[in-house]
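Presented below is the structure to which this report refers.
If you read the sequence from its start, that first residue is 1, and numbering goes on from there. All figures in this text were calculated on a predicted structure; none of them were measured in a lab. The analysis underlying the following values was restricted to heavy atoms, covering all of them including side chains, and did not include hydrogens, waters or symmetry mates.
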Amino acid sequence: MAASAASALGAGPSRRSVARLLALGAGLTALAACTPDGGTRPPSSSSPSGTSASASPAAVSESAGPETSTAAATEPGTASASAPAPTSAPTPTSPAAGLAKQYSLTDPASPWLVVNKHRPLSPADYVPADLVQPNIALAVSGEAAQLNSTTAAAAEQMFAAAAQDGVSMTLASGYRSYATQVATYNSYVASRGQAEADTASARPGFSEHQTGWAFDIGDGGGACGFQPCFAEQPAAVWAKANANRFGFVVRYPWMLHEITGYYYEPWHLRFIGVEAAADMANRGIATLEEYFGLEAAPGYL
C-alpha cells in the first residue's frame, strides 16, 4: 500500500502525491461501494500511471487481520457456482509457458498456485502438510509463525542475505488457517456487513496466507508495520530489489490492484521458485496473473 523511496519509483509522481494515493489505498472505509467495469488495462510491463486510485473497493489489503468484534455466524463467501473452473496450467502464449519445468496453477501444493478473487483454494479448507517454523526473526507466534517447508527454507536464505547487507527483517504474518480466516472475515461481516467486509478481508478459502507459500515481512526496527510508509523502510526496499533471487515476488505491486484485487502491499511476499521469479523480474512483469496468462481478478465473481 505504499510507494518505496524515489529511487524505487523512478521518474514517477512526487513523494507527496504518492503518499496521497497510498492513503487512498489504505483507507478502506473510504472506498466507494461500486465495482469497476470490465475495461482493459495495459500489462504491468507498461508502467502503471500512478496518477489515480479509482480502483474497485474489492481491491484491498489481503493481509487484513481480525478485528476485536465477535465473529458472526455468517457463512463465508464462495465463488459463484456458474463460474468456470480455474485454469490449471499457464496459457500456451503466457511468458511462463517458456520455462522448462511447468507446475499446476490449481494444486495447493504447487509453487505456481494462483489464488485470487476468481480462483479459490480447492479444497477450501486446505492445510499444507509440511508446515514448519523457519529459523528467522519472528514478530508472531503460533500458526502465524509457520510456512510450508519450501518457503521456510527460501525465507531463511533470504533473511540471511538481507542481514549480510545490514538489513533486518522479521516474519510479521505467515500461515493463516481456514478457521482463522473464517473468524477474521466474519468479524468484518458482523461489524460492517458483507459488502463492506469484502473491501477489508479476504473471504475464507481465498487467502494466500492459507497456502503456506506467502508471508508478510516487517522491518527489524519495527517501523510502519502494515502501513503505507513501510515501503520506504529498509526491509521493503531490499526485498523489492532482491527477493526474486530467492524465489519470491511482491505479490500485490504498486498500482496493479485492478489485476490482483489488492492494493500495494510491499510487505506481502509470495514464493514461486527462483526460475520463475527471476524470469518475471527480467521481463518486467509484476503480477502472477499476467505472467501465467490469467484474467484480472479485481473482485469476486
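Annotation: the span from N116 atom CG to Y262 atom OH amounts to 8.0 Å, rounded to 0.5 Å. Atom CG of L121 is separated from atom CZ of R119 by 10.5 Å, given to the nearest 0.5 angstrom. Between Q133 atom CD and L138 atom CG the span is 5.0 Å, to the nearest 0.5 Å. To the nearest 0.5 angstrom, F271 atom CZ is 12.0 Å from W112 atom CH2. One finds the CD atom of E143 at 3.5 Å from the OG1 atom of T180 (value rounded to the nearest 0.5 Å).
Side chains of Y252 and E208 form a contact here, defined as non-hydrogen atoms less than 4.5 Å apart. Looking at T87 and V114, their side chains never come closer than 4.5 Å, going by heavy atoms from C-beta outward. Considering only heavy atoms from C-beta on, T106 stays 4.5 Å or farther from S122 through its side chain. Counting heavy atoms from C-beta on, the side chains of L113 and Y126 never come closer than 4.5 Å. Side chains of E196 and Y188 form no contact here, defined as non-hydrogen atoms less than 4.5 Å apart. When side chains are defined from C-beta on, Q102 counts as touching P90, because their heavy atoms get closer than 4.5 Å. Side-chain contact check for I272 versus Y103: every heavy-atom pair is 4.5 Å or farther apart.
Heavy-atom minimum distance, A96 versus F292: CB-CD2, 3.4 Å. G212 and T151 get closest at one heavy-atom pair: O-OG1, 3.2 Å. Looking at every heavy atom in both residues, L147 comes nearest to A214 through CD2-O, 3.8 Å. Of all the heavy atoms in L294 and L105, the pair that sits closest is CD2-CD1, 4.0 Å. Closest of all the heavy-atom pairs between Y300 and R203 is OH-N, 2.9 Å. Taking all atoms of both residues into account, the shortest heavy-atom contact from R251 to V115 is NH2-O, 3.6 Å.
For the residue pair T287 / E290, a side-chain donor-acceptor distance below 3.5 Å is found, with atom types taken as modelled.
Ring to ring, F248 and F215 are close: their centroids are under 6.0 angstrom apart.
Every residue meeting the ring-ring contact (aromatic ring centres under 6.0 Å, His included) condition with H209, not counting sequence neighbours, appears here in chain and number order: H268. Under the ring-ring contact (aromatic ring centres under 6.0 Å, His included) criterion, W238 pairs with no residue at all, not counting sequence neighbours.
Classified by interplanar angle (parallel below 30°, tilted 30° to 60°, perpendicular above 60°), the ring pair F226/W267 is perpendicular.
The closest donor-acceptor contact from the side chain of Q181 to the backbone of G205 lies at 3.5 Å or more, if one exists at all. Under a 3.5 Å cut-off, the side chain of N148 and the backbone N or O of T150 do form a donor-acceptor pair. Not a single donor-acceptor pair under 3.5 Å links the side chain of T170 to the backbone N or O of A172.
Linking ILVMFWY side-chain heavy atoms closer than 4.5 Å, directly or via other members, places V132 and W213 in two distinct hydrophobic clusters.
Y175 forms part of a hydrophobic cluster together with V127, L131, judged by ILVMFWY side-chain heavy-atom separations under 4.5 Å.
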